[in-house]
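Scroll down for the structure; my scribbles are underneath it.
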Amino acid sequence: MPELPEVTVIVNSLNKAIRGLVLESVEYDWKPKFYWGKFSIKDLKGSKVKDVRRQGKVIIIDLSNGMSIVIHLKLTGQLIYQDKKIRVSGGHPIPPLNKPVPNSTTRVTFAFTNEGHLYFNDMRKFGWVKITKSDEASIKEAIGKVELGPDPMEMTETEFLDRIKKKPQQRIKKLLMDQSFVAGIGNIYSDEALWRAKIHPKRSIASLSDSEIKAIFKGIQDSFKLAIEKGGSSANSFVDGRGEKGLYLTFAKAYHMTGKPCARCGTKIVRQKMDGRSAHFCPKCQVLTKEKPALKLI
DNA sequence: TTCAATGTTTAGAC
DNA sequence: GGTCTAAACATTGA
């Protein structure tokens, strides 16, 4: 699913592609998750795109008339902008991002006066699009009750260290995915970061040494940086006919690699249910206790 | 038919 | 009463 790196990439691309464009019309076939609130399409017509930004995994398109379009891609959402010259896409890779639009997964279509279109596609319909006023209070209300934590890419190591130590009883993977702790990490990057740091996902914060916590922080930033680089190169390739591959997940070392050899030691990556999610990790590199296991690991 | 996928929320347990 | 967890939710393809 799209997490912070994917969202960052699409936000950057959209900023280049649609900033300054004027909205002409909006179409949608899917009311339940498309909230106009007390507003109507008329409120958006003629307004100009001022800025595209994000808060955690939430994408925010600010308009010149004091309104904003707030989008969450959730599990299978994707955003595709296309006009006569360029195509910019990002999000979940199914259906392929180079598939012609609109298609069967297209839920909302924003048309601009330059004849370009921004498509919100979502195969599984877990995502949502909301229209709200641009002030922070309204946007916060649109996003939900969860107070988003700091952005992991804009955080310092010290800040991370201080913050994490306030939750000694929490399990590390669970905490990393808690959006109020840090915004933007989901199942993929918590697995990746912990694999990089060689930390078992079930370790409690209290059991972690400072250097281990620092390694986790580095793991988060490194995997994000790598993903943004990869995603950026694919999403920025302007396509006509020839689709971008979508390097999504091709760099993963742990996530969805069950049964595949660990890139470090060759041990098979295992998948284990915990805290309602499946965690992927290397049972040799990432051990639960610091002590050497009494039993031989095969 | 059941399961799995996700972030967020709610109901329930302690 | 607050904190933590397990389950529910919305939806569809495999």
Side-chain angles (χ1 to χ4, degrees), chain A residues 1-8 10 28-35 54-60 70-79 90-97 99 103-108 120-130 132 139-152 164-194 201-207 220 223-224 227 246 248-249 252 254-259 269-281:
Chain A
M1 95 259 56
E3 292 183 28
L4 194 140
E6 290 78 23
V7 172
T8 303
I10 186 63
Y28 55 98
D29 70 343
W30 177 47
K31 265 225 178 104
K33 290 284 192 66
F34 188 57
Y35 306 103
R54 67 165 181 84
Q55 267 183 33
K57 284 175 253 194
V58 179
I59 297 161
I60 302 164
V70 184
I71 301 168
H72 200 312
L73 299 175
K74 283 285 183 86
L75 183 57
T76 56
Q78 36 179 236
L79 281 172
H92 195 262
I94 300 170
L97 289 166
K99 191 176 175 179
N103 56 51
S104 59
T105 68
T106 300
R107 309 299 173 197
V108 186
F120 173 79
N121 297 341
D122 190 358
M123 181 174 70
R124 292 274 162 93
K125 292 184 176 176
F126 277 24
W128 46 255
V129 178
K130 298 179 189 180
T132 181
I139 287 186
K140 200 177 268 184
E141 193 189 341
I143 291 175
K145 287 177 186 167
V146 177
E147 190 82 12
L148 290 178
D151 192 299
I164 201 167
K165 283 188 172 175
K166 287 179 187 157
K167 307 273 186 183
Q169 77 289 4
Q170 287 261 349
R171 282 179 294 246
I172 181 63
K173 181 175 168 68
K174 177 104 182 292
L175 184 61
L176 288 181
M177 290 196 291
D178 182 345
Q179 301 301 300
S180 64
F181 176 66
V182 281
I185 305 176
N187 212 17
I188 298 175
Y189 293 96
S190 58
D191 278 351
E192 292 303 306
L194 291 175
K202 259 191 173 160
R203 289 277 297 278
S204 71
I205 303 304
S207 80
I220 296 168
S223 52
F224 273 5
Y248 194 85
L249 282 191
Y255 184 75
H256 270 203
M257 299 295 278
T258 316
I269 299 288
V270 298
R271 181 171 116 162
Q272 203 180 102
K273 264 271 203 230
M274 63 183 70
D275 295 321
R277 287 292 178 266
S278 46
H280 311 76
F281 60 97

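Convention: sequence-line order gives letters A, B, ...; per-chain numbering from 1.
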- Query: Quick one: does A:Arg124 reach the base of C:dT12 with a side-chain donor-acceptor pair under 3.5 Å?
  - Reply: yes
- Query: Rounded to the Å, how far apart are A:Lys166 NZ and C:dT3 C1'?
  - Reply: 18 Å
- Message: In this structure, how many angstroms lie between the C1' atom of B:dT8 and the NZ atom of A:Lys57, rounded?
- Response: 11 Å
- Does the pair A:Val108 and A:Asp122 meet the rule for a side chain to side chain contact (heavy atoms under 4.5 Å, CB included), with working shown? CA-CA 9 Å; A:Val108 186; A:Asp122 190 358; over 6 Å; no
- Grab the CG-P distance between A:Leu4 and B:dT6 for me, whole Å please. 16 Å
- Item | Intermediate values then yes/no, side chain to side chain contact (heavy atoms under 4.5 Å, CB included), A:Arg171 and A:Met274 | CA-CA 10 Å; A:Arg171 282 179 294 246; A:Met274 63 183 70; over 6 Å; no
- Item | For atom CZ of A:Phe126 and atom P of B:dA4, their distance in whole Å | 14 Å
- Would you say A:Tyr255 reaches B:dA5's phosphate, i.e. side-chain N/O to OP1/OP2 under 4.0 Å? no
- Task: Tell me, with the steps shown, if A:Val270 and A:Phe281 meet side chain to side chain contact (heavy atoms under 4.5 Å, CB included).
- Result: CA-CA 6 Å; A:Val270 298; A:Phe281 60 97; 3.8 Å; yes
- Does the pair A:Thr105 and A:Arg124 meet the rule for a side chain to side chain contact (heavy atoms under 4.5 Å, CB included), with working shown? CA-CA 8 Å; A:Thr105 68; A:Arg124 292 274 162 93; over 6 Å; no
- Message: Could you check whether A:Lys173 pairs with A:Asp275 (Lys NZ or Arg NE/NH1/NH2 to Asp/Glu carboxylate O, under 4.0 Å)?
- Response: no
- Item | Any A:Ser278 side-chain nitrogen or oxygen under 4.0 Å from OP1 or OP2 of B:dA4 | no
- Phosphate contact (B:dA5 OP1 or OP2) by A:Lys273 side-chain N/O below 4.0 Å: yes
- Task: Could you work out which one of B:dT8, C:dC4, C:dT12 sits closest to the side chain of A:Lys125?
- Result: C:dT12
- Query: In whole angstrom, what separates A:Gln272's CD from B:dA4's C1'?
  - Reply: 17 Å
- Nucleotide B:dG7, atom P - distance to NZ of A:Lys130 in whole Å: 16 Å
- Message: At less than 4.0 Å, is any side-chain N or O atom of A:Lys74 found next to OP1 or OP2 of C:dA10? Yes or no.
- Response: no
- Query: Looking for any heavy atom pair under 4.0 Å, which part of the strands does A:Arg271 touch: base, sugar-phosphate only, or nothing?
  - Reply: sugar-phosphate
- 5′-ward residue of the pair A:Arg277/A:Lys174 relative to DNA chain C: A:Lys174
- Note on the structure: note: A:Arg171, atom CZ; C:dT5, atom C1'; distance rounded to Å ~ 8 Å
- d(CD, A:Glu6; C1', B:dG7) in whole Å: 15 Å
